There are 2 protein chains.
Amino acid sequence: MDRDRTDESLIALRRILRATDLYGRDLARDAGLTAVQLRVLQIVAERGRCHPTDVAAQMGVTQATISVLIKKLESWGLIQREQSATDRRQIDLTITPAGLEKVEVAPDALQQRYVRHFEALPDWEQAMVVAVLERVAGMLGAGNFDAAPVLAAGDITRQARGTNGETGHGAPRNGIVPGRNRAQ
Amino acid sequence: MDRDRTDESLIALRRILRATDLYGRDLARDAGLTAVQLRVLQIVAERGRCHPTDVAAQMGVTQATISVLIKKLESWGLIQREQSATDRRQIDLTITPAGLEKVEVAPDALQQRYVRHFEALPDWEQAMVVAVLERVAGMLGAGNFDAAPVLAAGDITRQARGTNGETGHGAPRNGIVPGRNRAQ
DNA sequence: GTAGATTATTCGACTAACTAAATAACATGT
DNA sequence: ACATGTTATTTAGTTAGTCGAATAATCTAC
C-alpha cells in the first residue's frame, strides 16, 4: 500500500525536522546571538547585498523592526551598511567576514555528526542519499534560490570536516562580538 | 570523489532545512501562538504525560519560565495540568484535543505540497525515499524517541491528505484560543 | 521644480521570554 | 522525626522584538 509509504516518509521527514529544530534553537546561543538576529544574518548571507526592505519582507516584520536589528548587528561588525550608489535612499547590506563566520559556525554540531556517518557509507549508498535528498528538497519547494551567492559548498563544509577534532570551531571564533551567555 | 558527494548531500540537506525553517517561523503565527509556545506544545505532544522539569530541560530554560508558559497554554485549554499520583510535588502535563489540533495543523502547507509530489512518484522511488530518509534521520541522531505516543501516523497525515483542497485546515480550527494576530 | 511616493531611521509604548530569588508543598534518607 | 533535596509556582525586574507614527532624505512623474 502506498498509504503506508506516505506515512513512513512523512514520519522520517518529521524526525529530521525535529532533530534540526532542536539544534536550531541552540545554534543562536552558541553564536552568542538570539534566534532573530541569526536569522537576519542568514538572510543577508544568502542574498548578498540586499536592502532592509527585503529582509523585512522575508521575515514578515516592519522596516522599523529590521532597522534596530541591523543597527545592533552592524555595531558588532557582523554586517555592513553602506549607502546605495544607484538610489541614495537605500542602504546596501552585506555580511562581513565576522558575520559569515557566525553563520557558518552555526550548523557545526549537526553537520559533524552527519558527515561522520555519511562518509562511512558505502559508495552506492552515498549516491542514493544524495539523489533522494535532492529530490525531497525539490518536493518541498526549496529549489529556487540555488547557487547561493556567498555560502559556497567548500565554505560550508570546510570547518565541519577536517580530522582535527578538538577545536571544531576553527581558530579565532571571537571578535568584538557579544558574549555567549547574554545576547544584548 | 566522495568529497563532492558529502558536499552535495550537505547542500541538499541545507535546502530541506531552509524550506522547513521558513515555514516553521510562520507556523506559530498561523496557529495564533508564538514560536516558544508552539514548541512547548510540540514537546508535550511528543512526550505525552510529562513534567514541567522535562520541558524546561529540553528547551534549555528554567522552571520558572516554563511555569508561566504552561499557565497560559492551560488557560487557553491547549494542555492539561494535573497533580501526579505517584509524586504529588509533580504536575502531569498532557496535551488536550485542542492543543493537538494546533500541533497537527501546523505542518499543513509543507506537507500538502510534499505529499502531492511523493505520491506521484513511481513505486520503487517511494521505497527508496523512505529508506534514505530514515537513514538520514538516524545519522542526525533523531532516532531515539520513536513510536511517538500521541501523534500516530494516521493522525499526522489525515488532514494533509484528502483531495478536498479548499479547506486545508480541517473543519473547526477555532476554539476559545487567542487570535491569529496578536498572541498575548 | 513641485507633489507625491519610497526608503530608512528614530521614538514611544507594549508584549513575550527569561532569570534569580523567595516560597510552598512534598519526598527521602538516616 | 528531622534535615536535606526536589518540584512547581510566584514575584520583581531585565531584555529583545515588535509595531505605529513621526521624520528626514531621496526618487519619480508630471
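Note on naming: letters A, B, ... go to the chains in the order of the sequence lines (proteins, then strands), and numbering restarts at 1 for each one. Here the structure is a predicted model, which is why all the values come from computation and not from measurement.
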Engineer: For Gln90(A), which contact category applies under a 4.0 Å heavy-atom criterion: base, sugar-phosphate, or nothing?
Structural biologist: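 If one applies the 4.0 Å heavy-atom cut-off, Gln90(A) turns out to touch the sugar-phosphate alone, with no base involved.
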Engineer: Nearest to the side chain of Lys71(B), which nucleotide is it out of dT10(D), dT7(C), dG20(D)?
Structural biologist: dT10(D)
Engineer: Nearest to the side chain of Pro52(A) - dT9(C), dG17(D), dA17(C)?
Structural biologist: dT9(C)
Engineer: To the side chain of Val61(B), which of dC19(D), dT7(C), dC18(C) is closest?
Structural biologist: dC18(C)
Engineer: On the nucleotide dT9(C), are OP1 or OP2 found under 4.0 Å from the side-chain N or O atoms that Arg81(A) carries?
Structural biologist: yes
Engineer: Nearest to the Leu69(A) side chain among dT7(D), dT9(C), dG17(D), which nucleotide is it?
Structural biologist: dG17(D)
Engineer: Nearest whole angstrom, please: distance from the C1' of dT15(D) to the CG of Leu33(A).
Structural biologist: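 My rounded result for the distance is 15 Å.
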Engineer: CD1 of Ile91(A) versus P of dC27(D): gap in Å, rounded?
Structural biologist: 12 Å
Engineer: For Thr62(A) and for Thr86(A), find the nucleotide of DNA chain D with the closest heavy atom, then tell me which residue's nucleotide is more 5'.
Structural biologist: Thr62(A)
Engineer: Write down the distance between CZ (Arg88(B)) and C1' (dT9(D)), rounded to a whole number of angstrom.
Structural biologist: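 Rounded to whole Å, this separation is 17 Å.
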Engineer: Given dC18(C), dA5(C), dT7(D), identify the nucleotide with an atom nearest to the side chain of Arg89(B).
Structural biologist: dT7(D)
Engineer: In whole angstrom, give the distance that lies between atom CD1 of Ile66(A) and atom P of dT10(C).
Structural biologist: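 Between P of dT10(C) and CD1 of Ile66(A): 14 Å.
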Engineer: Please give, in whole Å, the distance from dA24(C) P to Gln63(B) CD?
Structural biologist: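 My rounded result for the distance is 17 Å.
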Engineer: Is the phosphate of dC19(D), meaning OP1 or OP2, less than 4.0 Å from a side-chain N or O of Thr65(A)?
Structural biologist: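 Result: yes.
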Engineer: Assess the residue pair Thr6(B) and Ser9(B) against the criterion (side-chain hydrogen bond (donor to acceptor under 3.5 Å, both in side chains)); give the C-alpha distance rounded to whole Å, side-chain angles, the decisive distance to 0.1 Å, and a yes or no.
Structural biologist: CA-CA 5 Å; Thr6(B) 304; Ser9(B) 108; over 6 Å; no
Engineer: Considering heavy-atom distances to DNA chain D, does Met59(A) or Val68(B) have its closest nucleotide positioned more toward the 5' end?
Structural biologist: Val68(B)
Engineer: Any salt bridge linking Glu125(A) with Arg5(B)? Criterion: basic side-chain nitrogen under 4.0 Å from a carboxylate oxygen.
Structural biologist: no
Engineer: Calculate the interatomic distance between Asp87(A) atom CG and dC27(D) atom P; express it in whole Å.
Structural biologist: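 For the pair Asp87(A) CG and dC27(D) P, the rounded distance is 5 Å.
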Engineer: Specify the separation, in whole Å, of atom CD of Glu74(A) and atom C1' of dT9(C).
Structural biologist: 12 Å
Engineer: Give the nucleotide from the list dC27(D), dT10(D), dA17(C) with an atom nearest to the side chain of Thr34(B).
Structural biologist: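 Looking only at heavy atoms from C-beta outward on Thr34(B), the closest nucleotide is dA17(C).
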Engineer: Side chains of Gln58(A) and Arg47(A) only: does a donor on one sit below 3.5 Å from an acceptor on the other?
Structural biologist: yes
Engineer: Which nucleotide in the set dA17(C), dG20(D), dG17(D) lies at the smallest distance from any side-chain heavy atom of Ala64(A)?
Structural biologist: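 Among the listed nucleotides, the one closest to the side chain of Ala64(A) is dG20(D).
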Engineer: Grab the CD-C1' distance between Gln37(A) and dT18(D) for me, whole Å please.
Structural biologist: 14 Å
Engineer: Should Leu121(B) and Met128(B) count as side-chain neighbours, where that means a heavy-atom distance under 4.5 Å?
Structural biologist: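 Answer no - side chains too far apart.
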Engineer: Are any side-chain N or O atoms of Gln90(B) and backbone N or O atoms of His51(B), one a donor and one an acceptor, separated by less than 3.5 Å?
Structural biologist: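 Looks like no, no N/O pair under 3.5 Å.
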